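Notes to accompany the following structure.
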Amino acid sequence: MTDYKSTMNLPATDFPMRASLSQREPQWLEKWDDLDVHGKALKRRAGGPTFILHDGPPYANGHIHMGTAYNKVLKDLVVKYKTMRGFYSPYVPGWDCHGQPIEHQVEKELGPEGMAKTTQAELRAKCREWAMRFVGVQREEFKRLGVLGDWENPYLTLNPAYEAGNVRIFKKMYLDGAIYKGAKPIHWCIRCHTALAEAEIEYSDETSESIYVAFRFIDPTPWDEYGEASVLIWTTTPWTLPANVAVTLADGADYVGVKLADGRVMVLAEELVDAVAEVAGWTGHEVLSPRVKGQDLAGLHYAQPVHDGVTGVIITGSHVELTTGTGAVHTAPGHGEDDYLVGQRHGLPMPMPVLDDGTFDAGGGPFEGLDVRSANPRIIEWLDQRGTLIAATRISHSYPHCWRCKQPVIFRATEQWFVSMDRTGLRETAMKAISEVEWIPGWSVNRISAMVGDRPDWCISRQRAWGVPIPVHKCGKCGETVATEATFDAVIALFETKGADAWFTMRPSEYLPEGTVCPRCGAGVDDVVPEDDIVDVWWESGVSHTSVLDARPELHRPAELYLEGSDQHRGWFQSALLTSAGAYGHAPFERVLTHGFIVDGEGRKMSKSLGNVVSPLDVIAKSGADIVRLWVASADYGQDINVSDEILDRTSEAYRRFRNAFRFLLSNLSDFSPQDAVDWHDMPVLDRMALVQLADVLERVTAHYDEWRFHQAVRALSDYVGELSAVYLDVLKDRLYADAAASRSRRSAQTVLARILGVLVRVLAPVLAFTCEEVWEFMPTGLRDVESVHLSDWPSVDVPAVEMAELRQEYAYLLAVREEVTKALEDARNEKVVGKSQEAALRVSVPAEGLPALKRHEGSGLLEEFFIVSEVAVAAADEQASDGSRRAAYVVVKRADKEKCPRCWNHRELGVDPAHPDVCERCAGVLAASGA
RNA sequence: GGGCCCGUAGCUCAGUUGGUUAGAGCGCACGGCUGAUAACCGUGAGGUCAGUGGUUCGAAUCCACUCGGGCCCA
């Protein structure tokens, strides 16, 4: 038998079936670098509509993780899509470079001795070095993910111009009266004389005093008829009693009086009476009526337990627990977070009798001069002598300690700087700004509104070294704040030229205007000293709308989009919103997209202890960045996003399907160029149907992208490619392989394949950034108009609109019939009647309503082609299925009685052409034309 | 403890204003093909829609509670 294989147009391409992404991707990175794809894309879009996605700066410490990778890829997806749609969409990545974690790392590296020898300026230099190192590390890692942007010129919060932006906003808000100096309790180490951040605290068990103290009421109470009433409090920090100003009760809880054996009445939460009685060793006590709700006792006054002649007040709060203690919480706003917040809400004073070194000043009353720890037993003894100590024991509990000296830390109010939410109406302005922003997904607006709606004033000062100074001065003589438009402008100029480092090395007289004087005592510029504190890093990153969006000519404020994880409702979204609302009166973004957090396959957070951490770097090394990108695009970011080995395996399988489809398309276009294209009206109806399908899927996918539903776009494409492989591509093989290479029928098929390829490679490019570039390189040169797929335009498919509906309907009908055919073929296969479908001859019976649609194709070859069988006879169905249901078709399968053509493998009449007696008529024609 | 949110087949996702037997793709099982071949095609088995209780003629969909999970607070 002659070998006909060589006479066929079998698929041919060098596009590898195996992706080997981890090896091949770097090659495309190089190409993009060489071409400057991001820059070129921007030039192509210059003058067009803009779409600014403003990057939220990740912290420049450590390697990237799944969360940062996810976020960056999602951003890149948006930028690539918008760029293809014709938007001028520059992407300027940024890093958050200041802050306690870096300072802490550097300090740990230096060790205590090294720290002692290091000046603040030197420490800052080391912090800068550290930050820059990780900017470099993360930059390479983000680039490796295929993220395009201005990597050579990112924004860094430590750049002088950026630092100056902080001062611009501060100046505006300070001069408006929104920024004030107040006090707030923070963790304080009395041995190191320093403030501690949460990360600098180590918790360990500690034995503490546990005392119950009676605060005598001076207002009438519901229990007065039984004796002298007191509210009974419990505390483990007796030394905070001199700072007591209130007692907080639980709102809805019931309180009762308890008459003790000695006749006094103690007021406490009813459900804790038994527990307290046991600890205090009460016997013969009596629970008195009435039972009163916490809120009904609010406003009563009692005698301050330490200071004679001073009173405290009963208030209520939601933080009061009824599991331990008495349900009546001793409240000293200067000594605890809850106490501070509840104090703020009730407008309580905040006495702070403890000095830097932990000793009491005059506010400590009888304990002045003692340090807080040695004061404890003295206070207990003193209370006992006064008769107000009801019980005293000791308990062991977890207590915070200083990471440096391992000593217990205390909560102590210190002077801090605040942004007021209400003095200048910032809360109102911000709430209005929120309402003008598009929040995606929709629930996101609830979250940000709730947070801004009831957040306390923003404490923006930190007692650290590595950051941007609070840009005000104080009078060295009287302590008054020195901050005017002129001093702010001088600081802005200083930071812009020399950076914030100059704050720590220069004297104010070197950069402040000569005429600067203290507004209170009139001291001159030589007596002015700079503020020690630095600004909260959230403030710093927040002002990027000014330091970056306003500062860079290619960007603008407000940005079209901020896109971050949902934790940023508390973080960057809010700090950006508040600083922008405070300075400009509106939001810095037009819309905000938030995504969920990365969790493992079971939905639990990733942690080292659970051993479920997946690193993007490992995935890149094992499977490639495109797998990461496809995983990102496939997930619904509206909720938490799962990742696990299994999920990534599934992602790789989905990837392979796309890749194989690309390979098939490429391999059948190796001899095709645009001038071979066949016009719409010269195309077989199947090809026109395929183009309608393509137009439909493109429309769906575009809508999904436009509505930020990337996973739906990927799904639509995946479904499309699946059906394409199963139906159209499978059907086309006969024409592609067996018809004459340059025949109109084959060229028509190729025309459609080329359009499909052109659409797929473009619409998938934002997701499969590397693979689509690879495909681009393998496409016939006539099919690509630019050097890189990432420079190309979003595709369109031109199909005569009037014909679409009919073609769509007819295709749907043919497909329904085809489904019955495949089922029947499967049955026949199981009966060993046929193997491959080409061995089959069908009789297809259809109900009357479908008959004309099918009948008119009978004998044209279309049905045989579409079902991939050798013969189709169409008949009217007069029967119904045995179960009474109506099917689209009833199919009888027989083995084709004609012989198999050795060339095209269809069963046809052979030898019609005596010149080629072995083969069927079609193949004979092809052979004759090619001169074989 | 509070605020916002999530829980549909092994995996990723659809399920329109509550309306027949809850869908798809992948995976899996079985089969076909060997001219997309570490591919391709077909058939099939998988779900008490987290649970419980309500509202309703009817609930995956509305309400309440419980369980599990996430972020942010405390």
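Residue numbering restarts at 1 for every chain, and letters A, B, ... go by the order of the sequence lines. Owing to the predicted nature of the structure, the values given are computational and were not obtained by experimental measurement.
When Watson-Crick and G-U wobble pairs are counted only if both distances are under 3.5 Å, rA39(B) pairs with no nucleotide at all. With a 3.5 Å ceiling on both atom-pair distances, the Watson-Crick or G-U wobble partner of rC26(B) is rG10(B). Here rC71(B) sits opposite rG3(B) as a Watson-Crick or G-U wobble pair (both hydrogen-bonding atom distances under 3.5 Å). A 3.5 Å limit on both hydrogen-bonding distances identifies no Watson-Crick or G-U partner for rU48(B). Pairing of rU34(B), defined by two Watson-Crick or G-U wobble distances under 3.5 Å, is not identified with any nucleotide.
Relative to the side chain of Glu646(A), the nucleotides rC11(B), rC40(B), rG32(B) differ in distance, and rC11(B) lies closest. The side chain of Ser718(A) lies closest to rG25(B) when the candidates are rG25(B), rC13(B), rA74(B). Listed nucleotides rG25(B), rC13(B), rG35(B) differ in distance to Asp719(A); the shortest reach to its side chain belongs to rG25(B). Side-chain proximity of Glu653(A) to the nucleotides rG70(B), rG27(B), rG32(B) is greatest for rG27(B). Of all nucleotides listed (rG35(B), rA38(B), rG69(B)), rA38(B) comes nearest to the side chain of Met17(A). Distances from the side chain of Arg604(A) to the nucleotides rU12(B), rG25(B), rG70(B) place rG70(B) closest. With rU43(B), rG70(B), rA36(B) as the choices, the nucleotide that has an atom nearest any side-chain atom of Leu729(A) turns out to be rA36(B). Listed nucleotides rG3(B), rA36(B), rA38(B) differ in distance to Ala450(A); the shortest reach to its side chain belongs to rG3(B). Here the side chain of Arg447(A) is nearest to one of rC41(B), rC4(B), rG25(B), namely rC4(B). Closest to the Phe597(A) side chain, of the nucleotides rG42(B), rU12(B), rG70(B), is rG70(B).
Residue contacts for Arg903(A): at a heavy-atom cut-off of 4.0 Å it reaches a base atom on one of the strands shown. Across all strands shown, Asp454(A) has no heavy atoms under 4.0 Å from either base or sugar-phosphate atoms. Counting non-hydrogen atoms under 4.0 angstrom, Met8(A) reaches a base of the nucleic acid. Contact annotation for Ala738(A): no contact, since no heavy-atom pair falls under 4.0 Å across all strands. Nucleic acid contact for Gly596(A): none, since no nucleic acid atom lies under 4.0 Å from a heavy atom of the residue. Base engagement by Trp905(A) is indicated by at least one non-hydrogen atom pair under 4.0 Å involving a base atom. Across all strands shown, Arg18(A) has heavy atoms under 4.0 Å from base atoms, whether or not it also approaches the sugar-phosphate.
Between His569(A) and rC73(B) there is no side-chain polar atom (N or O) within less than 4.0 angstrom of OP1 or OP2. Phosphate proximity of rC41(B) to Thr822(A): absent, as no side-chain N or O sits under 4.0 Å from OP1 or OP2. Within the structure, every side-chain polar atom (N or O) of Lys836(A) is placed at least 4.0 Å from both OP1 and OP2 of rG32(B). For the OP1/OP2 pair of rC40(B) and a distance below 4.0 Å, the side-chain nitrogens and oxygens of Asn660(A) include at least one atom meeting the criterion. For the pair Lys733(A) and rC40(B), the criterion of a side-chain N or O lying under 4.0 Å from OP1 or OP2 is not met. Side-chain N/O atoms of Arg663(A) include one lying less than 4.0 angstrom from OP1 or OP2 on rU37(B). For the pair Arg650(A) and rG10(B), the criterion of a side-chain N or O lying under 4.0 Å from OP1 or OP2 is not met. Applying the 4.0 Å criterion to OP1 and OP2 of rG3(B), one finds that Asn446(A) has every side-chain N and O outside that range.
A donor-acceptor contact closer than 3.5 angstrom is absent between the side chains of Asp339(A) and Thr331(A). Side-chain atoms of Trp458(A) and Asp536(A) include a donor-acceptor pair closer than 3.5 Å. Checked by atom type, the side-chain pair Thr771(A)/Tyr655(A) shows a donor-acceptor distance below 3.5 Å.
Rounded to an integer number of Å, the gap from NZ of Lys823(A) to C1' of rG42(B) is 10 Å. In this entry the distance linking CG of Asp567(A) with C1' of rC5(B) reads 14 Å, nearest Å. Counting to the nearest Å, the P atom of rG2(B) and the CZ atom of Arg570(A) are 17 Å from each other. Rounded to whole angstrom, the span from the CD atom of Glu820(A) across to the P atom of rG42(B) amounts to 15 Å. The distance from atom CG of Asp636(A) to atom C1' of rG70(B) is 14 Å, rounded to the nearest whole Å. The distance between atom NZ of Lys605(A) and atom C1' of rG69(B), rounded to the nearest whole Å, is 11 Å. Atom CD of Gln838(A) is separated from atom P of rG35(B) by 11 Å (rounded to the nearest Å). Atoms CG (Leu593(A)) and P (rC5(B)) sit 16 Å apart, rounded to a whole Å.
The C1' atoms of rC30(B) and rA64(B) are separated by 47 Å, rounded to the nearest whole Å. For the P atoms, the distance from rU17(B) to rC72(B) is 33 Å, rounded to whole Å. Only the P atoms considered, rC49(B) is 28 Å distant from rU43(B), to the nearest whole Å. Taking atom C1' in both rG46(B) and rC40(B), the straight-line distance is 24 Å, to the nearest Å. rA24(B) sits 24 Å from rG18(B) when the P atoms are compared, rounded to a whole Å. For the P atoms, the distance from rA9(B) to rA22(B) is 14 Å, rounded to whole Å. A gap of 27 Å separates the C1' atoms of rC28(B) and rG68(B), to the nearest Å. Between the P atoms of rU56(B) and rC73(B), the separation comes to 43 Å (whole Å).
When the nearest nucleotides of RNA chain B are assigned to Val599(A) and Gly638(A) by heavy-atom distance, the more 5′-ward of the two goes with Gly638(A).
Taking 3.5 Å as the limit, the base of rU43(B) and the side chain of Arg829(A) contain no donor-acceptor pair of atoms between them.
One finds the CD atom of Glu707(A) at 10.0 Å from the CD1 atom of Ile440(A) (value rounded to the nearest 0.5 Å). The distance from the CG atom of Leu757(A) to the CZ atom of Phe672(A) is 10.5 Å, given to the nearest 0.5 Å.
Taking 90° from 0 as the syn/anti boundary, the base of rG46(B) is oriented syn.
A stacked arrangement is not assigned to Tyr737(A) and the six-membered base ring of rG35(B), the conditions of a centre distance below 5.5 Å and an interplanar angle below 30° not being jointly met.
The six-membered or imidazole ring of Phe411(A) lies near that of His187(A), with a centre-to-centre distance under 6.0 Å. Ring-centre distance between Trp631(A) and Tyr70(A): below the 6.0 Å cut-off.
Of the possible polar contacts, none joining the Tyr728(A) side chain to the Ser725(A) backbone as a donor-acceptor pair under 3.5 Å is found.
Ring orientation note: the planes of Phe778(A) and Phe15(A) are nearly perpendicular, at an angle over 60° on the 30°/60° scale.
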Run the side-chain contact (heavy atoms from CB on, under 4.5 Å) check on Glu438(A) and Val592(A) step by step: do they pass?
-> CA-CA 6 Å; Glu438(A) 182 189 357; Val592(A) 173; over 6 Å; no
